[in-house]
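Step one of this worksheet: look at the structure below.
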Amino acid sequence: MNIILIGAPGAGKGTQARLLEEKYGMVQLSTGDMLRTAVKLGTPLGVEAKSIMEAGKLVPDALMVNLIKERIAQRDCAKGFILDGFPRTVPQAEALDAMLAEQGKTLDKIIELKVDEAALIERVSGRFTCEKCGMGYHDTFKKPKVEGVCDACGSTSFKRRADDNAETMKARLQAFNEQTAPILPYYAKKGMLVSIDGMADMDTVTEAIERILAG
Ligand code: ADP
Ligand code: ADP
Ligand code: ZN
């Protein structure tokens, strides 16, 4: 099964994608994670993306399309993939359709996580992840079971994203509303879009997604 999770920054895409990956063996394709790795490694893509990401703007479509095209063609994606953070513009959605057709692949479900703006800001400002395994946490909504120790891998180092601050978040929300939201009608017209209440707690959201995948 190949699916897309769409939602504003902080909607819970990464959290849910990771759970689906564990449960169904699908591969999580997070373009945000791929870009952060490129920035860390200082690759040409990373060098170009760094200041754009810090400003909360979108990296050019052509770069993103190339990145995902190569990734989707890799063997592990045959097990099924979850797109988390891509497509983010209508041209990216069109390019995705074209590359999937070329590779003989199709999309099964497009799932929108709807979360209101105040909750998004609250989620993003409390977000942190395990430095070693990438497990996601939140200061209020998902603390490690033992303070300061990752539930998944036992590591004691955590990190916060440079763009998870109030000022950058404003630009990211604007980018979502202006550039990403138009892909919702794009998929709705094709009859592929299912919207769910992303305000619910994590387990309830997971159950809603599982019902969609089963149906
Ligand atoms: P969020 O958790 O806010 O949804 P991501 O981790 O998906 O954020 O993305 C972080 C940043 O990486 C974005 O603000 C943007 O600058 C860049 N980015 C990620 N995916 C894309 C994409 N598909 N197109 C353009 N820019 C992207
Ligand atoms: P996205 O990938 O869409 O940007 P994340 O999955 O990283 O969002 O979630 C953002 C933050 O909100 C994280 O700290 C995460 O632990 C928390 N979070 C995710 N889903 C929920 C939820 N349903 N209720 C409360 N907090 C959540
Ligand atoms: Zn960990």
Side-chain angles (χ1 to χ4, degrees), residues 4-20 28-39 45-46 48-68 71 82-93 95-96 111-115 119-144 148-164 168-169 171-176 179-180 183 196-209:
I4 304 178
L5 292 181
I6 301 177
K13 305 180 294 295
T15 301
Q16 297 299 331
R18 204 175 159 106
L19 292 170
L20 294 174
Q28 176 190 7
L29 304 180
S30 161
T31 43
D33 285 347
M34 292 178 203
L35 289 171
R36 281 183 287 278
T37 302
V39 169
L45 171 67
E48 182 151 1
K50 187 168 190 281
S51 58
I52 300 173
M53 294 171 78
E54 277 167 3
K57 302 214 164 107
L58 295 184
V59 174
D61 288 335
L63 296 177
M64 299 311 301
V65 169
N66 274 337
L67 185 68
I68 215 73
R71 186 62 191 87
I82 309 152
L83 285 168
D84 158 13
F86 184 96
R88 252 181 163 93
T89 64
V90 171
Q92 288 183 18
L96 177 65
I111 302 171
E112 179 199 9
L113 301 176
K114 283 171 100 80
V115 176
L120 293 170
I121 293 167
E122 197 180 12
R123 286 187 188 179
V124 158
S125 18
R127 164 160 62 187
F128 63 99
T129 53
C130 171
E131 184 118 45
K132 194 168 161 214
C133 75
M135 176 69 122
Y137 294 97
H138 190 279
D139 292 327
T140 310
F141 306 127
K142 195 188 173 212
K143 298 182 192 171
V149 183
C150 174
D151 297 349
C153 78
S155 164
T156 52
S157 346
F158 296 89
K159 59 183 177 192
R160 287 179 195 261
R161 279 168 48 176
D163 59 347
D164 277 350
T168 310
M169 185 57 178
R172 288 159 66 200
L173 287 172
Q174 192 181 351
F176 179 80
Q179 294 169 272
T180 305
I183 66 180
I196 61 177
D197 177 17
M199 296 290 288
D201 61 56
M202 289 176 208
D203 292 344
T204 307
V205 175
T206 305
E207 283 163 20
I209 294 176

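Both counts, for ligands and for their atoms, begin at 1 and track the order of listing.
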Which residue and atom name correspond to the protein heavy atom nearest [atom], and how close is it?
| atom | answer |
| --- | --- |
| atom 20 (N) of ligand 1 | Thr31 OG1, 2.9 Å |
| atom 17 (C) of ligand 1 | Leu35 CD1, 3.4 Å |
| atom 11 (C) of ligand 2 | Arg123 O, 3.6 Å |
| atom 24 (N) of ligand 1 | Gln92 NE2, 2.9 Å |
| atom 26 (N) of ligand 1 | Val59 N, 3.1 Å |
| atom 2 (O) of ligand 2 | Gly14 N, 2.8 Å |
| atom 23 (N) of ligand 2 | Ala200 O, 2.9 Å |
| atom 9 (O) of ligand 2 | Thr15 OG1, 3.7 Å |

State, yes or no, whether a side-chain contact exists between [X] and [Y] at a heavy-atom distance under 4.5 Å.
| X | Y | answer |
| --- | --- | --- |
| Met64 | Gln92 | yes |
| Asp201 | Val205 | no |
| Thr168 | Met53 | no |
| Leu113 | Ile196 | yes |
| Pro87 | Ile4 | yes |
| Cys150 | Cys133 | yes |

*Out of Lys159, Lys50, Arg161, which residue meets the side chain to side chain contact (heavy atoms under 4.5 Å, CB included) rule with Arg36?*
Arg161

*For the side chain to side chain contact (heavy atoms under 4.5 Å, CB included) test, which of Thr156, Asp151, Val149 pairs with Pro144?*
Asp151

*asked:* When you measure from the heavy atoms of Gly7 to every atom of ligand 2, does any distance fall below 4.0 Å?
replied: no

*Is there a heavy atom of Gly32 sitting under 4.0 angstrom from any atom of ligand 2?*
no

Distance-only N or O hit between ligand 2 and [X], under 3.5 Å:
| X | result |
| --- | --- |
| Val205 | no |
| Pro9 | no |
| Gly12 | yes |

*Going from CZ on Phe86 to CE on Met34, what distance comes out if it is rounded to the nearest 0.5 angstrom?*
9.5 Å

_Part of Asp201 with heavy atoms under 4.0 Å of ligand 2, whether side chain, backbone, both or neither_ = backbone

Taking [atom] as the point of reference, which of [options] owns the nearest heavy atom?
| atom | options | answer |
| --- | --- | --- |
| atom 18 (N) of ligand 2 | Arg160, Met202, His138 | Met202 |
| atom 15 (C) of ligand 1 | Met64, Lys50, Lys57 | Lys57 |
| atom 7 (O) of ligand 2 | Lys143, Arg127, Arg172 | Arg127 |
| atom 5 (P) of ligand 1 | Arg88, Met53, Lys13, Met169 | Arg88 |

*Just by distance, with hydrogens left out, do Gln16 and Thr206 show a side-chain donor and acceptor under 3.5 Å apart?*
yes

*Determine whether the side chain, the backbone, both or neither of Glu54 has a heavy atom under 4.0 Å from any heavy atom of ligand 1.*
neither

*For Phe141, take its heavy atoms, then give the atoms of ligand 2 lying under 4.0 Å from any of them.*
25 (C), 26 (N)

_Out of all atoms in ligand 2, which are within 4.0 Å of some heavy atom of Tyr137? Include the element for each._
13 (C), 14 (O), 16 (O)

*For side-chain contact (heavy atoms from CB on, under 4.5 Å), just list the numbers for Tyr137 and Thr129, CA-CA rounded to whole Å, side-chain angles, deciding distance to a tenth of an Å, and then say yes or no.*
CA-CA 6 Å; Tyr137 294 97; Thr129 53; 5.8 Å; no

*For side-chain contact (heavy atoms from CB on, under 4.5 Å), just list the numbers for Thr180 and Thr89, CA-CA rounded to whole Å, side-chain angles, deciding distance to a tenth of an Å, and then say yes or no.*
CA-CA 5 Å; Thr180 305; Thr89 64; 5.6 Å; no

Purely on distance, is any nitrogen or oxygen of [X] under 3.5 Å from one on ligand 1?
| X | result |
| --- | --- |
| Gly85 | yes |
| Asp163 | no |
| Gly10 | no |

*So Cys153 and Cys130, side-chain contact (heavy atoms from CB on, under 4.5 Å) or not? Walk me through it.*
CA-CA 9 Å; Cys153 78; Cys130 171; 3.6 Å; yes

*Please state whether Arg36 comes within less than 4.0 angstrom of ligand 1, counting heavy atoms only.*
yes

_Carboxylate-amine/guanidinium proximity below 4.0 Å for Arg127 and Asp163_ = no

*Salt-bridge contact Arg18-Asp33 (side-chain N to carboxylate O under 4.0 Å)*: no

*Angle subtended at the Zn ion (ligand 3) by Cys133 SG and Cys150 SG, rounded to 10 degrees*: 110°

